Amino acid sequence: MDMVTQKLAAFSEWLWDWPLVLLIMASGIFLTFFYKGKYIIEIKLHFNNTYKKMFQKTEDTGKGTVSGFAAACTAMANTIGVGNIGGVASAIVSGGPGAVFWIWIADLFGISLKASEIILGQRYREKFDESMDEYVCDRSFVMKNSMGWKVGGIILAFFVVVFGPWTNVVQSEAVTSSVAEAFHINSYITLAVLGITVFVTIFGGLKRISGAMERVVPVMAIVYFGAVLILLLMNIVNVPQAFLGIIKSAFSPTAAVGGFAGASVRQAIRYGIARGVYSSDAGTGYGMVAHAPAITDHPIRQSSWGWGEVVVDLVVCTMTALAIIITKSYIVYPDITSAHLTTVAFGHVFGNIGTLFMGVAITVFAWTTIIGLYYSCEKSINYIFGDSKFNKIAVRLYMLYFLVPIIFFSNLEADLLWAITDLISGMYVIVTLILIFANLKEIKRLFNDFWYRFLPAKEKGENPPVVSYGEVKNK
């Protein structure tokens, strides 16, 4: 197993070294200018299309299966998860505090990447009527409907079906380690409860999934934010120094301190961007899946959630990083990584209560992320079998396979789990970027239509027809 871990880690290290890092950053920067910076500077519009709608009672107009907010909560179940806790901790352990700066950079330019995914998901979605009442899309659907690559879509879907569930092992490992630390509960009991609750939720289909996410995700984000805020206020004098350390070590090597072995700038960039992509999901293609069923009057309006989700990710990642850096947990406990390190940081400040809180928080974070990932993998089953009776049967059987890595392989080494996750995420990123750049002409058409025709008409009090897609049938 040590040899397997070393080989996978070496290949993951190569994949996420400069070629893929530069590809992601160059794509994000290009798309930011391609959209004329509107996903960064038009803060008021994006706020009104996202967070403000959480407090409005008016229903979304257009075609779809669930509300735009519910779709966004399903997406944020992936965005706000162990990646924000374990991923940030892993980045700091491997790349030093400077890795946090590069998480910020990945998020900043990742907004346009995620927005592009949402646009493609809305544009090339399909409506399933026979096997399920749902609008569906993922990378395979986009590949077929925009480029005619039906066979390529099947190959990609098969890969996701087989390997997608294995990214969940990072989540279940975080749950078992944190619950054991906080409550001293046997991992077998933890995994059994996790498996049962996940199965009950995913068995109810999209509406149960989105309903659960709509209730749980906002609450857990607010509670976690509040807890970290208290930790920072208790150590407020150290916060400016922590920020200064993040920026300084982003451009200069981090010296070895205590049990921390030090880190180069290269490591800070590599691990910061890799974990930033994983935590925000920008560029992985998940935005196509989660936002495809959203009810909206225009695909570009729904893409505002690309801004909304990444902003939440940026805040939560920063709060987690400050908690770890201020408590110096990565120095005092060099052998601890992933979500376990964040749990230790809370325990250092709040004692047993902090440890208990993190045990609960990480469990909820991981639970929602696993469910979100299941929904993503299920779309590949939908693509392979189409809108047929076999699709419904295959989905039920797939639920059982999906749970296997979660329940039976959470005891693998954290380094191995992150290597597997990085490899699968890398493949998703490459495919997603190909689809985005292959469809820039159509994305540009929709972008211009919204900003220079649809939105001005709305602002004048006119009622332009809804711009909606999803009438294409799976053949």
Side-chain angles (χ1 to χ4, degrees), residues 54 69-70 72-90 167-185 187 189-204 208-231 278-281 286 290 309 312-313 315-317 319-320 323-324 338-347 350 352-376 402-403 406-407 410 417:
M54 294 168 59
F69 175 59
C73 285
T74 304
M76 282 193 284
N78 242 21
T79 303
I80 309 172
V82 174
N84 304 107
I85 301 176
V88 171
S90 178
T167 61
N168 283 311
V169 184
V170 170
Q171 316 298 326
S172 57
E173 184 276 332
V175 171
T176 54
S177 62
S178 297
V179 170
E181 175 79 16
F183 301 100
H184 307 290
I185 295 176
S187 61
I189 297 175
T190 302
L191 291 171
V193 173
L194 180 65
I196 291 169
T197 54
V198 167
F199 180 78
V200 169
T201 304
I202 63 180
F203 193 81
R208 183 180 294 177
I209 291 172
S210 62
M213 298 305 101
E214 197 172 5
R215 289 188 294 270
V216 175
V217 170
V219 173
M220 75 175 186
I222 292 170
V223 171
Y224 181 75
F225 178 85
V228 181
L229 184 60
I230 293 172
L231 185 152
Y278 178 74
S279 67
S280 71
D281 275 325
Y286 186 71
E309 292 165 21
V312 172
D313 176 72
V315 171
V316 177
C317 282
M319 299 289 275
T320 300
I324 292 171
S338 195
H340 191 185
L341 183 62
T342 311
T343 303
V344 169
F346 269 73
F350 298 112
N352 192 48
I353 293 177
T355 303
L356 294 176
F357 169 78
M358 282 306 301
V360 174
I362 290 171
T363 299
V364 176
F365 275 124
W367 182 78
T368 56
T369 300
I370 289 170
I371 291 170
L373 285 169
Y374 165 77
Y375 180 69
S376 176
F402 181 83
L403 293 172
I406 301 170
I407 297 174
S410 65
L417 301 182

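These numbers come from a predicted model, not from an experiment.
- When all heavy atoms of Thr201 and Arg208 are compared, the closest pair comes out as O-CD, 3.4 Å.
- With rounding to the nearest 0.5 Å, the separation of OG1 in Thr197 from CD1 in Ile371 is 7.0 Å.
- Each of Val219, Val217, Val216 was scored for a side-chain contact (heavy atoms from CB on, under 4.5 Å) with Val364, with one residue passing: Val216.
- For the pair Cys73 and Pro218, the minimum side-chain heavy-atom distance is below 4.5 Å.
- Separation of atoms CG (Leu191) and CG (Leu403) is listed at 11.0 Å; rounding is to 0.5 Å.
- Summarising the geometry of Gly347 relative to Thr355, their closest heavy-atom pair is CA-OG1, 3.4 Å, with the distance given to 0.1 Å.
- Tyr375 and Thr74 make their closest contact through CD2-CG2, 4.3 Å (heavy atoms, listed as atom of the first residue, atom of the second, distance).
- Taking OG1 of Thr176 as the start and CD1 of Ile406 as the end, the distance is 12.0 Å to the nearest 0.5 Å.
- Atom CE of Met319 is separated from atom CG of Leu229 by 5.0 Å, given to the nearest 0.5 angstrom.
- Of the inter-residue distances, the one linking Ile196 atom CD1 with Ile407 atom CD1 reads 8.0 Å to the nearest 0.5 angstrom.
- Considering every non-hydrogen atom in both Ala227 and Phe350, the closest pair reads O-CZ, 4.0 Å.
- Of the possible polar contacts, none joining the Tyr374 side chain to the Phe199 backbone as a donor-acceptor pair under 3.5 Å is found.
- Trp367 approaches Met213 most closely through the heavy-atom pair CZ3-CE, 4.0 Å.
- Side-chain atoms of Arg215 never come within 3.5 Å of backbone atoms of Ser210 as a donor-acceptor pair (strictly under, hydrogens ignored).
- The local environment of CD1 in Ile185 is crowded, with over 12 non-hydrogen atoms from other residues, nucleotides or ligands closer than 6.0 Å.
- Ring geometry, Tyr224 versus Phe357: the interplanar angle falls under 30°, so the pair is classed parallel (tilted spans 30 to 60°).
- The structure places CD1 of Ile230 at 11.0 Å from CZ of Phe225, a figure rounded to the nearest 0.5 Å.
- Thr343 pairs with exactly one of Val179, Leu356, Ile362 by the side-chain contact (heavy atoms from CB on, under 4.5 Å) rule, that one being Ile362.
- What you find for Ile370 and Phe402 is that their closest heavy atoms are O-CZ, 3.4 Å.
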